Structure formats: structure tokens, C-alpha cells
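Quick notes on the structure that follows.
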Amino acid sequence: VVGQVALSLVLLAGAGLFMRSLTNTLAIDPGFDLPNGVVMPMNLGYGQYDEAEGRELHQRLLTRVRSMPEVRSAALTAFAPLGIIHGHHDVHIEGYEPAPEELMLVKRNMVSPDYFEAMGISVLRGRAIDDRDTEEADPVAMINGTMARRFWPGQDPIGRTVQADLGTVYTVVGIVEDGKYGALQEAPEPYLILPLTQAEYVDRMNLIVRTAGDASALAHRLNGEVRDIAPDLPPATAITSSEYLEYSVGSTKGPAVMIGAFGLLALVLAMVGLYGVMWYSVTQRTREFGVRLALGASEGEVVRMVLGKGLRTTLVGVVLGFLLALAGTRLLSGLLYGVGTLDPLVFSLIPAILLGVGQLASYLPAQHAARADPVVV
């Protein structure tokens with residue numbers, strides 16, 4: 001029983017730290033605001049489409065989606081925020097001298113007009129990518145605040161140029177707020193945004209839709225729209241923005257749920273084990289309790305005697321588990337966000353729960369002992 005209680009505390013402490021970390025992670029501002037929308041990845045690489053056909057199909061899909069009455073705005077992006085896949089560019093900044101061995105590789109994205117409106121991303125300065133940024137127009141780009149501060153400290157980046165690894169020189173026309181591109185816990189990093197029409201063509205694309213209606217119903221309808229436009233593609237899977245955010249924190253939520261499940265299982269085993277041990281102990285001491293009651297002991301005194309034995313057993317397990325947890329949770333430090341491995345809330349609440357569960361498991365045997373009939377026993 002002591003071992004079960006100790007193991008329960010270790011597992012529940014780990015689960016508690018993960019849940020605290022998950023709560024802190026979900027409180028992070030992702031840099032976009034899409035409370036009611038749909039995200040639909042699609043890959044034209046599964047069909048026989050060349051670049052011209054692919055670009056035309058993308059535009060046709062956007063036109064059809066934007067015509068839906070419940071759609072407020074819609075856009076295409078090569079890489080959705082908090083996704084698994086990201087693009088990168090080696091950049092050359094005019095007037096910026098890299099430090100020795102400084103990497104000039106920055107994350108980049110290609111988006112269609114209305115992307116920032118659909119995603120709810122604020123443009124801090126300048127303008128957003130829009131319909132004027134055609135293939136024939138001068139190449140333009142947008143950057144985030146971190147990229148502006150890194151490459152143009154104390155200067156105005158608007159109107160400056162960025163040369164990407166394909167040799168194209170883009171003029172900066174706008175600055176957007178920093179966002180989370182790979183994970184909610186990541187540190188701010190430079191980000192380059194290019195117009196879809198002026199950047200290299202990619203088969204893989206994500207449709208972002210902001211809606212005023214039911215996002216789940218719209219997701220089902222969008223799947224049908226893609227089948228109509230590109231019937232040779234595998235079935236598309238559109239999901240709501242809330243589902244998309246839930247998937248994005250899976251790396252944090254998964255361990256918390258798994259360890260929590262094992263912790264609860266160990267807690268149940270400890271409770272059953274303690275109950276069995278206490279019941280057996282009471283059964284072995286039935287005559288003793290009868291004598292005590294015959295000599296004037298009250299039922300309350302007998303109950304307290306049994307509960308005290310259960311408390312001592314549980315307390316030994318809690319102390320042992322506390323020491324093991326202090327050592328074991330240090331291994332989780334790299335997986336936690338915004339919470340220490342010695343979080344006072346977790347390490348005060350979990351032992352208290354275990355002690356309470358131990359007393360609950362001892363209560364029924366204590367009641368049985370207090371009701372022993374001296375004449376019968």
C-alpha cells in the first residue's frame with residue numbers, strides 16, 4: 001500500500017505539472033484571432049496540375065468560397081500558423097552586416113490578399129498584401145516586428161529591400177505583429193511574408209475562412225466544394241479553427257492526459273489496496289475492539305483508532321512519493337512551460353488529495369470496527 005501511494009503521488013504530480021503547463025500554454029497569444037473559422041489543407045501535388053493550372057484552381061476556389069453568404073473573408077496560405085511544415089529563406093539585407101557565423105535563414109510564408117483579415121492578424125505599419133500585388137507588379141514583402149528590430153534596429157523598414165535565396169529583391173511594404181509559427185511556446189523569431197502571386201509556386205496550400213455562421217457546417221460544405229473543383233484529388237478534410245488549435249497543442253496535452261490516466265489508475269489501486277488492508281486488519285482485531293467497547297471505549301474512539309492507522313500508512317507513502325517526485329519531475333523541466341518542477345500548488349494539492357483518499361478508504365472499516373457487538377465477538 002505504501003508503494004502504491006508513493007507511485008500515485010509521483011504520477012499525479014507529473015500530470016499536475018503537465019496540466020499547469022498546458023494551461024499556461026493555452027493562455028499564450030498565438031498572434032492571430034480566428035475564433036470562428038475553418039482551416040482546410042489541400043495538396044494539388046496529388047493531381048496532374050502544372051503551375052498555371054494550380055494557380056488558376058486556387059483562384060477559382062477562393063472566388064467560390066468568398067461568394068458564400070456566411071463567409072466574411074477567405075484567403076490562401078502556404079503555411080498555416082502552428083503547423084508542422086514551414087518555409088525558410090536565406091535573406092540578404094541591404095546595409096546589414098551579418099556577424100561571423102550568423103545564420104541569415106528566416107521563416108517565410110506566401111499568402112493571398114485578405115489573409116491578415118481572415119486570420120485576425122494586426123498590421124502595425126504600412127499596408128497588407130492585397131490585389132495590387134500581381135505577378136507583373138514590383139515584388140513586395142511584409143515582415144514581423146522581430147525581423148524589423150533585428151535587421152533595421154532604430155530604423156524604418158518600410159521601403160527597404162530584402163533579397164531572398166531565389167535572387168528576387170522584395171520591397172518591404174508592411175509590418176505585422178509577432179506570432180507563433182511553429183509552437184505556442186516558441187521564442188519570437190523573424191518572419192517574412194510574400195504574395196502568392198509573386199513567390200514560387202507550391203502545390204501544398206491551406207484555405208483559411210472566417211465565417212459568421214456555423215463553422216462545422218461550413219467545413220463540411222468546403223469539402224464538397226473542393227471535390228467539385230478538383231475531383232481527382234483525395235478527399236479534403238476541413239476542420240474548425242477550435243479543432244485546429246486543439247491539435248496544435250497535442251504535444252503538451254498528450255503527455256498530460258497519459259500520465260494523468262496512469263496516476264488516476266494508481267490512485268484507485270492504492271485506495272482499493274488500503275481499503276483491503278484496513279478491512280483485513282479490522283477483521284483480525286474484532287475481539288480486541290469488542291473488549292475495548294465492553295470496557296467503556298466509545299465508537300468515536302474506535303473510529304479514530306482505525307483512521308489513525310490508515311493515516312500513518314498513507315503518510316509514509318506520501319512522504320516517500322514526495323521525495324521520489326522531487327527527483328523525478330526534474331526530468332520534465334524541458335517539457336514544461338511557465339511552471340517550475342517544484343510548483344507549490346501541485347506539491348501541496350496532490351499530497352492532500354492522497355491523504356484524503358486514504359482516510360476515505362479507511363472510513364468504512366473504521367465504521368465496521370466501531371459497530372462490533374461485544375457479546376457476539
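Values in this document were obtained by computation on a predicted structure and should not be read as measured data. The first residue of the sequence shown is numbered 1, and numbering continues consecutively from there. FYI, side chains are in, hydrogens and waters are out, and symmetry mates aren't considered; it's all heavy atoms of this structure.
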Worksheet entry | Side chain D133, main chain D130, donor-acceptor under 3.5 Å | yes
Worksheet entry | Enclosure of Q284 CD (heavy-atom neighbours >12, cutoff 6.0 Å) | yes
Item to complete: Could you tell me the separation between the CZ atom of R55 and the OG1 atom of T197, rounded to the nearest 0.5 Å?
Response: 7.0 Å
Worksheet item: Hey, what's the ring geometry for H58 with Y201, parallel, tilted or perpendicular (30° and 60° as the breaks)?
Response: tilted
Item to complete: Evaluate side-chain hydrogen bond (donor to acceptor under 3.5 Å, both in side chains) for T77 paired with N109, printing each intermediate quantity in order.
Response: CA-CA 7 Å; T77 176; N109 199 0; 2.8 Å; yes
Discussion item. Could you check whether any side-chain N or O of E177 sits under 3.5 Å from a backbone N or O of L124, counting only pairs where one atom can act as donor and the other as acceptor?
Written reply: no
Worksheet item: Going by distance alone, is a donor N or O of one side chain under 3.5 Å from an acceptor N or O of the other, for D138 and T171?
Response: no
Worksheet entry | Test item: side-chain donor near acceptor, S67 and R64, under 3.5 Å | no
Item to complete: Answer yes when R108 and D90 have at least one side-chain N-carboxylate O distance shorter than 4.0 Å, and no when they do not.
Response: no
Fill in: Straight-line distance of N144 CG to I193 CD1, nearest 0.5 Å
6.5 Å
Discussion item. Between T240 and E243, does the side-chain hydrogen bond (donor to acceptor under 3.5 Å, both in side chains) criterion hold? Intermediate values first, please.
Written reply: CA-CA 5 Å; T240 64; E243 292 172 332; 3.3 Å; yes
Worksheet entry | Residues R210, E70: salt bridge by 4.0 Å N-O rule | no
Worksheet entry | Heavy-atom neighbours of Y363 OH exceed 12 at 6.0 Å | no
Worksheet entry | side-chain hydrogen bond (donor to acceptor under 3.5 Å, both in side chains) assessment of R60 paired with T63 | CA-CA 5 Å; R60 187 147 45 98; T63 301; over 6 Å; no
Item to complete: Using atom types as modelled and distance alone, determine if a side-chain donor or acceptor of D131 lies under 3.5 Å from a backbone N or O of P113.
Response: no
